[in-house]
Amino acid sequence: MSEEFTARNALEAQGKFNPSVVAAMVNGKLMDLLTPIPSDATVTAVRDDEPAALEVIRHSTAHVMADAVQKLFPGTQVTIGPAIEDGFYYDFSRPDGKQFTDEDLQKIEEKMLEIVASDQPFRREIKSRDEVRQLFESMGEKFKLEIIDKATGDLSLYRHGDWVDFCSGPHVPSTRFLRAVKLTHVAGAYWRGDERNPQLQRIYGTAFASPKALREHMAALEEAKKRDHRKLGKELDLIAFHPLAPASPFFLPRGTKVYNALVQYVRGLYDKVGYDEVITPQIFDTELFLTSGHLPGYEENMFLAATSETIEKGAAAIAKNPSNDPKVIEQHMRDHMRFGVKPMNCPGHALLFGMTRRSYRELPYRMADFGRLHRFERSGVVQGLTRVRTFAQDDAHIFCTLDQIKDEIAQFLDLVYDVYRDFGFSDVRVVVATRPEVRLGTDEMWDKSEGVLIDAVKAKGLPLNIAEGEGAFYGAKIEFHLKDALKRSWQLGTMQVDFTLPDRFDLNYVGEDNTEHRPVMLHRAILGSVERFYGVLLEHVGGSFPTWLAPEQVALLTVSEKFNDFALEAKAELEAHGIRVMTDLSGDKLGAKIRKARMLRVPYLGVIGQKEVETRGLSVRSRDEDKDLGFIPLADVISRVTAEALPLSQRKS
RNA sequence: GCUGGCGUAGCUCAAUGGUAGAGCACCCGCUUUGUAAGCGGGUGGUUGCGGGUUCGAUUCCCAUCGCCAGCUCCA
């Protein structure tokens with residue numbers, strides 16, 4: 001084995017090397033062309049038009065960007081610069097602590113193009129820890145030193161031109177491969193992702209193998225923006241926001257129809273699989289949340305409620321024991337905030353379960369609740385419908401025995417997948433989230449709850465992702481993630497195994513043996529937050545809700561006002577069959593009415609003129625088939641629309 | 001919460017250190033209409049809110065609220 005033997009040598013020997021090769025797969029591992037490899041390794045070429053090349057191109061582009069930044073902004077320290085799903089970023093620490101401006105990005109991009117054009121080869125060097133430390137110490141790269149001190153294995157440097165980074169690679173052979181580069185935006189980011197650490201200046205960019213691929217990517221981004229539920233929600237008169245209720249959506253009449261259809265759909269499922277719906281209080285004595293552990297554990301996310309009376313009592317208490325210590329005053333105020341607005345339904349459900357003596361015959365007891373929840377989310381995290389401060393979940397808590405857990409999870413997984421299929425979601429990622437650092441309960445409980453969830457996912461044959469330490473404070477979770485139009489992933493459904501709350505609330509049921517036993521509590525939601533699901537669904541369908549969810553299923557459009565009487569007659573008849581109908585009886589011309597109804601994405605347009613009145617029917621135009629279906633008698637319109645007014649899983653045939 | 005950007009009519013957007021304009025929507029009139037915008041007229045804004053600089057601020061500065069992107073945090 002020669003030290004100098006590289007993937008490039010191997011490919012040349014195979015006759016597979018040409019200028020479009022950017023990297024190589026060596027024994028199944030992505031490597032750059034100039035790293036020494038065993039002479040008997042299996043080597044295949046990775047050309048610049050292959051997906052695997054993108055990561056290499058982007059990470060190399062990050063190096064070039066850092067080079068450009070340090071040339072333009074001397075004294076700026078580098079940190080890390082990985083390739084990410086749609087591009088790359090690099091985090092910098094500027095001596096002046098300032099953020100880069102859009103003009104800076106422009107300059108950096110220009111400088112990068114110079115570096116690219118100068119065709120600098122990337123070179124890899126293996127160095128001893130001392131040499132590497134010394135090098136970066138001399139450059140004043142304090143963040144890099146931290147990374148170096150944590151690194152194990154071979155310490156490699158990559159150079160292009162006169163710029164060097166501590167990096168494991170791989171990289172493209174030369175900067176000339178980086179010919180489709182775009183810096184997109186800047187943002188702050190915390191060192192090592194911890195908000196207690198100093199904030200760094202992050203520059204995001206993207207890079208592709210060809211200018212054409214870059215253009216296509218930018219065009220796709222534009223398209224995605226058009227699907228943004230905040231934009232569609234406004235355009236389609238579904239939702240609105242007001243500064244006086246930040247992060248709290250108003251559902252307009254059209255939007256409310258869809259919202260209610262979603263809830264009604266889930267209710268229908270509950271009837272089939274044995275859930276009992278309940279309605280529970282909004283505001284509880286804070287003692288409830290002390291028992292559940294939400295206080296103080298979840299306090300920063302809770303709205304606490306005062307009344308005039310509690311404020312007076314609090315003030316009196318402070319007057320009685322005057323203090324200048326803010327902490328003391330704070331404690332008085334806290335003591336007199338007697339009420340908390342529920343951020344979750346579980347404590348209320350635990351109370352409800354515990355109100356009467358329960359028999360094992362009642363289990364599993366599936367308690368469903370669409371109650372409104374309020375959580376105080378920090379101002380920077382709220383977003384459209386996907387992260388709000390008030391929302392409802394299709395929430396339920398299943399009280400069951402240890403033995404019943406397995407079947408309940410299996411039933412739930414089936415239910416979730418049926419539901420996602422009904423909405424046309426196929427790209428669902430399943431994650432099991434394990435015990436967080438701050439948690440209730442014993443390690444034994446956690447072992448049990450994590451185990452049972454992992455087993456259930458495996459039993460269903462689903463690909464398993466583990467999110468270490470991401471569980472709820474009371475139990476491990478299965479999470480179902482879906483992506484929005486901008487490829488941001490959101491957790492929707494969830495199932496959590498909870499051995500803790502039943503303990504804290506001292507919940508019991510009488511077993512077959514006539515002694516008391518502790519039930520297990522399963523927290524679960526299919527849609528998750530109805531609001532979030534709504535937002536993701538709106539983007540998924542691009543505003544065109546399927547007939548069973550659409551705010552209006554049929555729009556009746558008259559050719560002239562002479563035919564309005566029949567339109568109202570037809571409306572009444574369709575509505576008598578449960579069809580949601582809108583009419584446009586205005587003086588507009590037909591073309592304008594069609595345009596308006598199409599922009600509202602109504603699934604069926606029914607045109608009414610002389611002919612239709614005479615023969616009691618509609619000239620129907622279908623949104624989804626995007627064509628004129630011609631004349632259809634009213635009775636046939638009714639049967640067609642009602643057939644479509646059900647989700648797939650509930651249709652006959 | 002942090003970093004950066006943004007905030008002009010119901011919506012989408014112009015404009016300027018010298019007291020704001022278009023299209024759509026809305027209202028009125030004409031037109032009575034056959035598959036994506038018929039014609040004409042009109043209403044509508046203390047330029048998010050509060051302060052400052054200035055002879056004068058919507059424009060410049062500060063503060064605040066909201067929105068957007070990212071970070072952190074989460075359904």
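In what follows, every heavy atom counts, from backbone to side chain, and hydrogens, waters and symmetry copies are set aside. Quick note on labels: first sequence line is chain A, next is B, and so on, each numbered from 1. What you see is a predicted model; the values in this text were computed from it and never measured.
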Do any N or O atoms from the side chain of A/Tyr534 and from the backbone of A/Gly255 form a donor-acceptor pair under 3.5 angstrom?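 Judged by distance alone, yes, a pair lies under 3.5 Å.
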Quiz prompt | Side-chain (A/Thr494) to main-chain (A/Ile478) donor-acceptor, under 3.5 angstrom | solution =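 Pair found, side chain donor or acceptor close to backbone of A/Ile478.
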Would [X] and [Y] count as having a side-chain donor-acceptor pair, cut-off 3.5 Å?
X: A/Glu612; Y: A/Ser619; result: yes
X: A/Asp584; Y: A/Ser586; result: yes
X: A/Ser93; Y: A/Gln77; result: no

Name all residues meeting the side chain to side chain donor-acceptor pair (under 3.5 Å) criterion together with [X]; count only those two or more places apart in sequence or in a different chain, and write none if there are none.
X: A/Glu625; result: A/Arg640
X: A/Glu479; result: A/Lys477, A/His481
X: A/Asp498; result: A/His523
X: A/Ser560; result: none

Length of the line joining [X]:[atom1] and [N]:[atom2], which is rounded to integer Å:
X: A/Phe631; N: B/rU35; atom1: CZ; atom2: P; result: 17 Å
X: A/Phe100; N: B/rG5; atom1: CZ; atom2: P; result: 14 Å
X: A/His229; N: B/rC67; atom1: NE2; atom2: P; result: 12 Å
X: A/Leu244; N: B/rC67; atom1: CG; atom2: P; result: 11 Å
X: A/Lys231; N: B/rC68; atom1: NZ; atom2: P; result: 14 Å
X: A/Asp584; N: B/rU32; atom1: CG; atom2: P; result: 18 Å
X: A/Glu103; N: B/rG4; atom1: CD; atom2: P; result: 14 Å
X: A/Ile608; N: B/rU32; atom1: CD1; atom2: P; result: 21 Å

Aromatic ring pairing A/His59/A/His63, orientation class (parallel under 30°, perpendicular over 60°, tilted between):
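A/His59 and A/His63: perpendicular rings.
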* Any idea how A/His294 and A/Phe473 line up, ring-wise: parallel (<30°), tilted (30 to 60°), or perpendicular (>60°)? -> perpendicular
| Which is true for A/Ala433 with a 4.0 Å heavy-atom rule: it touches a base, it touches only sugar-phosphate, or it touches nothing? |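 Contact class for A/Ala433: none.
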*Heavy atoms under 4.0 Å, any strand shown: does A/Gln610 hit a base, just sugar-phosphate, or nothing?*
base
Taking N or O atoms only and anything under 3.5 Å, show me the protein contacts with nucleotides 70-75 of chain B, one pair per line.
unit_1, atom_1, unit_2, atom_2, d
B/rG70, OP2, A/Arg488, NH1, 2.8
B/rG70, O3', A/Tyr204, OH, 3.0
B/rG70, O2', A/Tyr204, OH, 3.1
B/rG70, N2, A/Gly188, O, 3.4
B/rC71, O4', A/Gly188, O, 3.2
B/rC71, O2', A/Tyr190, N, 3.1
B/rC71, N4, A/Gly380, O, 3.4
B/rU72, O2', A/Glu195, OE2, 3.1
B/rU72, O2, A/Arg378, NH2, 2.6
B/rC73, O2, A/Arg387, NH1, 3.4
B/rC73, O2, A/Arg387, NH2, 2.7
B/rC73, N3, A/Arg387, NH1, 3.1
B/rC74, O2, A/Arg387, NE, 3.4
B/rC74, O2, A/Arg387, NH1, 3.3
B/rA75, OP1, A/Lys477, NZ, 2.8
B/rA75, OP2, A/Lys477, NZ, 2.8
B/rA75, O3', A/Gln491, O, 3.1
B/rA75, O3', A/Gln491, OE1, 3.0
B/rA75, O3', A/Gln491, NE2, 2.9
B/rA75, O3', A/Arg532, NH1, 3.2
B/rA75, O2', A/Gln491, O, 2.3
B/rA75, O2', A/Arg532, NH1, 2.4
B/rA75, N7, A/Arg375, NH1, 3.0
B/rA75, N6, A/Glu377, OE2, 2.9
B/rA75, N6, A/Val388, O, 2.6
B/rA75, N1, A/Val388, N, 3.3
B/rA75, N1, A/Val388, O, 3.4

- Message: Counting C-beta onward and ignoring hydrogens, is there a side-chain heavy-atom pair between A/Gln383 and A/Arg488 closer than 4.5 Å?
- Response: yes
Under 4.5 Å between any side-chain heavy atoms of A/Leu262 and A/Leu549, yes or no?
->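 With C-beta onward as the side chain, the pair touches.
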_Same-atom distance (P) from B/rU19 to B/rG56, integer angstrom_ = 15 Å
Roughly how many Å apart are B/rU3 and B/rU46, using the P atom of each and rounding to a whole number?
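Straight-line distance between the two P atoms is 33 Å.
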For the rings on A/Phe533 and A/Phe423, is their centre-to-centre separation under 6.0 Å?
yes
Under a 4.0 Å heavy-atom cutoff, the residues of residues 413-421 of chain A touching RNA chain B are none
Under a 4.0 Å heavy-atom cutoff, the residues of residues 554-571 of chain A touching RNA chain B are A/Val559, A/Ser560, A/Glu561, A/Lys562
- Charged tip of A/Arg254 within 45° of A/Tyr259 ring normal and under 6.0 Å: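 Judged by the rule (NZ or CZ under 6.0 Å from the ring centre, within 45° of its axis), A/Arg254 is not positioned above A/Tyr259.
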Check for me whether A/Arg58 meets the cation-pi criterion with A/Phe208, that is, NZ or CZ under 6.0 Å from the six-membered ring centre and within 45 degrees of the ring axis.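 Because its charged atom sits under 6.0 Å from the ring centre and within 45° of the axis, A/Arg58 does stack over A/Phe208.
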query = With sequence neighbours excluded, what pairs up with A/Glu300 under the salt bridge (charged side-chain N to carboxylate O under 4.0 Å, His left out) test?
reply =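 In terms of salt bridge (charged side-chain N to carboxylate O under 4.0 Å, His left out), with neighbours along the sequence ignored, A/Glu300 is linked to no residue.
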Pairs under 3.5 Å (N/O, protein and nucleotides 36-41 of chain B):
unit_1, atom_1, unit_2, atom_2, d
B/rA36, N7, A/Arg598, NE, 3.1
B/rA36, N7, A/Arg598, NH1, 3.1
B/rA36, N6, A/Arg598, NE, 3.2
B/rA36, N6, A/Arg598, NH2, 3.3
B/rA37, N7, A/Arg595, NE, 3.3
B/rA37, N7, A/Arg595, NH2, 3.4
B/rA37, N6, A/Arg595, NH2, 2.6
B/rA37, N1, A/Arg595, NH1, 3.2
B/rA37, N1, A/Arg595, NH2, 3.4
B/rA37, N3, A/Arg595, NH1, 3.2

Any salt bridge linking A/Asp626 with A/Arg598? Criterion: basic side-chain nitrogen under 4.0 Å from a carboxylate oxygen.
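Yes, charged N to carboxylate O under 4.0 Å.
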Any protein N or O atoms within reach of nucleotides 46-48 of chain B? Criterion: under 3.5 Å, listing atom names and distances.
none

Nearest-nucleotide check on RNA chain B, A/Leu200 vs A/Asp228; residue mapping nearer the 5' end is A/Leu200
Practice prompt. Tell whether A/Thr101 reaches the base of B/rG4 with its side chain through a donor-acceptor pair below 3.5 angstrom.
Written response: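 Side chain to base: no pair below 3.5 Å.
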Q) Can you tell me how far the CG atom of A/Leu527 sits from the CG atom of A/Asp394, to the nearest 0.5 Å? A)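 It is 4.0 Å, given to the nearest 0.5 Å.
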N/O to N/O distances under 3.5 Å, protein versus nucleotides 8-14 of chain B:
unit_1, atom_1, unit_2, atom_2, d
B/rU12, OP1, A/Lys234, NZ, 3.0

Pairs under 3.5 Å (Watson-Crick or G-U), crossing ones as [ ], inter-strand ones as |: RNA chain B comes out as (((((((..((((....[..)))).(((((.......))))).....(.(((..]....))).))))))))....
